[in-house]
A.B. asks: 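Before I ask anything, let me first share the structure, which is written out below as structure tokens.
What you see is a predicted model; the values in this text were computed from it and never measured.
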Amino acid sequence: MVQATPFLLVLFLALGAHGLSVKKCSLTGCWVNDLGSNMTITTVNANGDFTGSYHTAVTATSNKIKVSPLQGALQKSPNQKGQPTFGFTVNWSFSESITVFTGQCFVDKDGKEVLKTMWLLRSHVENIEDDWKATSVGVNVFTRLKLQE
């Protein structure tokens, strides 16, 4: 029996390690970013396409903020090991601007899902001479919104 112990220990460790899988990050659900904006991604289809809504907490216009539609795509590469890259566009319902986001869905060391994104906001300008001030760039970090129980 003593000789079987090392074998059983190795077998147990191998089976146990196999059972520990990396938690996959899912875009579907409700998210809040570092500025307090809320985003909901309703479903991601088999091709990786998704839709949802975005309610920004910040704006440069004096218009009343409205919930705006978003459309995006998730990279479906088998090599991403559950932390996929993605991109989406928000067509603002209350201003003459549009924003594109690109990012990656991560699972941090505590098992929490985080979306790290970079965005370009294109605002309407009246003429080509004002083109220089029409595009802004920034970053946002989204965390999963916890629903009230």
A.B. asks: Working to the nearest 0.5 Å, report the span between NE2 of H124 and OG of S95.
C.D. replies: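 The OG atom of S95 is 11.5 Å from NE2 of H124, to the nearest 0.5 Å.
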A.B. asks: Heavy-atom distance under 4.5 Å between the side chains of D49 and V44, does that happen here?
C.D. replies: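 When only atoms from C-beta onward are counted, V44 and D49 do not touch, as no gap falls below 4.5 Å.
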A.B. asks: Could you give the distance from CE (M118) to CD (Q104), rounded to the nearest 0.5 Å?
C.D. replies: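 Separation between the atoms: 14.0 Å.
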A.B. asks: Please report the closest heavy-atom contact between C105 and S26, naming both atoms and the distance.
C.D. replies: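 What the structure gives for the nearest pair is SG-N, 4.0 Å.
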A.B. asks: Carefully, step by step, assess L74 and L27 under the rule side-chain contact (heavy atoms from CB on, under 4.5 Å).
C.D. replies: CA-CA 9 Å; L74 170 75; L27 289 181; 3.8 Å; yes
A.B. asks: Does I98 belong to the same Ile/Leu/Val/Met/Phe/Trp/Tyr cluster as F94, with side-chain heavy atoms less than 4.5 Å apart forming each link?
C.D. replies: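 Hydrophobic grouping puts I98 apart from F94.
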A.B. asks: Does W132 use its side chain to pair, donor to acceptor, with the backbone of I128 at less than 3.5 Å?
C.D. replies: no
A.B. asks: How far apart are the C-alpha atoms of W92 and T99, what are their side-chain angles, what is the distance that settles it, and do they pass the side-chain hydrogen bond (donor to acceptor under 3.5 Å, both in side chains) test?
C.D. replies: CA-CA 8 Å; W92 300 110; T99 302; 2.8 Å; yes
A.B. asks: Answer with yes or no whether the side chains of N33 and Y54 bring together a donor and an acceptor at under 3.5 Å.
C.D. replies: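 There is such a pair between these side chains.
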A.B. asks: Evaluate the ring planes of W119 and F101, with Trp represented by its six-membered ring, and classify them as parallel (under 30°), tilted (30 to 60°) or perpendicular (over 60°).
C.D. replies: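 Correct class here is tilted.
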A.B. asks: In terms of hydrophobic clusters joined by side-chain contacts under 4.5 Å, are F86 and V100 together?
C.D. replies: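 F86 does not cluster with V100.
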A.B. asks: To the nearest 0.5 angstrom, please state how far the CZ atom of R122 sits from the OG1 atom of T89.
C.D. replies: 14.5 Å
A.B. asks: Looking at E129, is its backbone amide N or carbonyl O close enough to the side chain of N127 to form a donor-acceptor pair, meaning the two atoms are under 3.5 Å apart?
C.D. replies: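 Yes, N127 side chain to E129 backbone: donor-acceptor pair under 3.5 Å.
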A.B. asks: Verify, without hydrogens or angle tests, whether T56 (side chain) and V58 (backbone) share a donor-acceptor contact under 3.5 angstrom.
C.D. replies: yes
A.B. asks: If you take all heavy atoms of L115 and M39, which pair is closest and at what distance?
C.D. replies: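 L115 and M39 have their closest heavy atoms at CD1-CE, 3.7 Å.
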A.B. asks: Test your reading of the model: is there a side-chain donor-acceptor pair from N45 to the backbone of N47, 3.5 Å cut-off?
C.D. replies: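 At least one qualifying donor-acceptor pair exists.
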A.B. asks: Check the hydrophobic clustering (I, L, V, M, F, W, Y; side-chain heavy atoms under 4.5 Å; chains of links allowed) and say if V90 and I65 are grouped together.
C.D. replies: yes
A.B. asks: Tell me whether T85 contacts the main-chain N or O of G103 through its side chain, where contact means a donor paired with an acceptor under 3.5 Å.
C.D. replies: no
A.B. asks: Look at the side chain of N140 and the backbone N and O of T117, then say whether any donor-acceptor pair between them is shorter than 3.5 Å.
C.D. replies: no
A.B. asks: Quick one, K112 with R144, criterion side-chain contact (heavy atoms from CB on, under 4.5 Å). Give me CA distance, side-chain angles, the key distance, then yes/no.
C.D. replies: CA-CA 8 Å; K112 189 170 81 174; R144 193 166 292 283; over 6 Å; no
A.B. asks: So how far is it from L70 CG to N91 CG, rounded to the nearest 0.5 Å?
C.D. replies: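 It comes to 10.5 Å.
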A.B. asks: So, S68 side chain and S93 main chain: donor-acceptor pair closer than 3.5 Å or not?
C.D. replies: yes
A.B. asks: Taking all heavy atoms of H55 and all of K66, pick out the closest pair and write down the distance.
C.D. replies: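 What the structure gives for the nearest pair is CD2-C, 4.2 Å.
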A.B. asks: Would you mind checking if K116 and D108 are paired as a salt bridge, meaning a charged N to carboxylate O distance below 4.0 Å?
C.D. replies: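 No, D108 and K116 are not salt-bridged.
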A.B. asks: Within the distance-only criterion (no hydrogens, no angle test), does the side chain of Q71 pair as donor or acceptor with the backbone N or O of F88 below 3.5 angstrom?
C.D. replies: no
A.B. asks: Nearest heavy-atom pair of V125 and D130: which atoms, and what distance?
C.D. replies: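 Closest approach of V125 to D130, heavy atoms only: CG1-O, 3.6 Å.
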A.B. asks: Give me the atom names and distance for the closest heavy-atom approach of E113 to K24.
C.D. replies: OE2-O, 3.7 Å
A.B. asks: So do L121 and S97 actually touch side chain to side chain, heavy atoms under 4.5 Å?
C.D. replies: yes
A.B. asks: Measuring from T42:OG1 to F50:CZ, what's the distance to the nearest 0.5 Å?
C.D. replies: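 Interatomic distance, T42 OG1 to F50 CZ, rounded to 0.5 Å: 9.5 Å.
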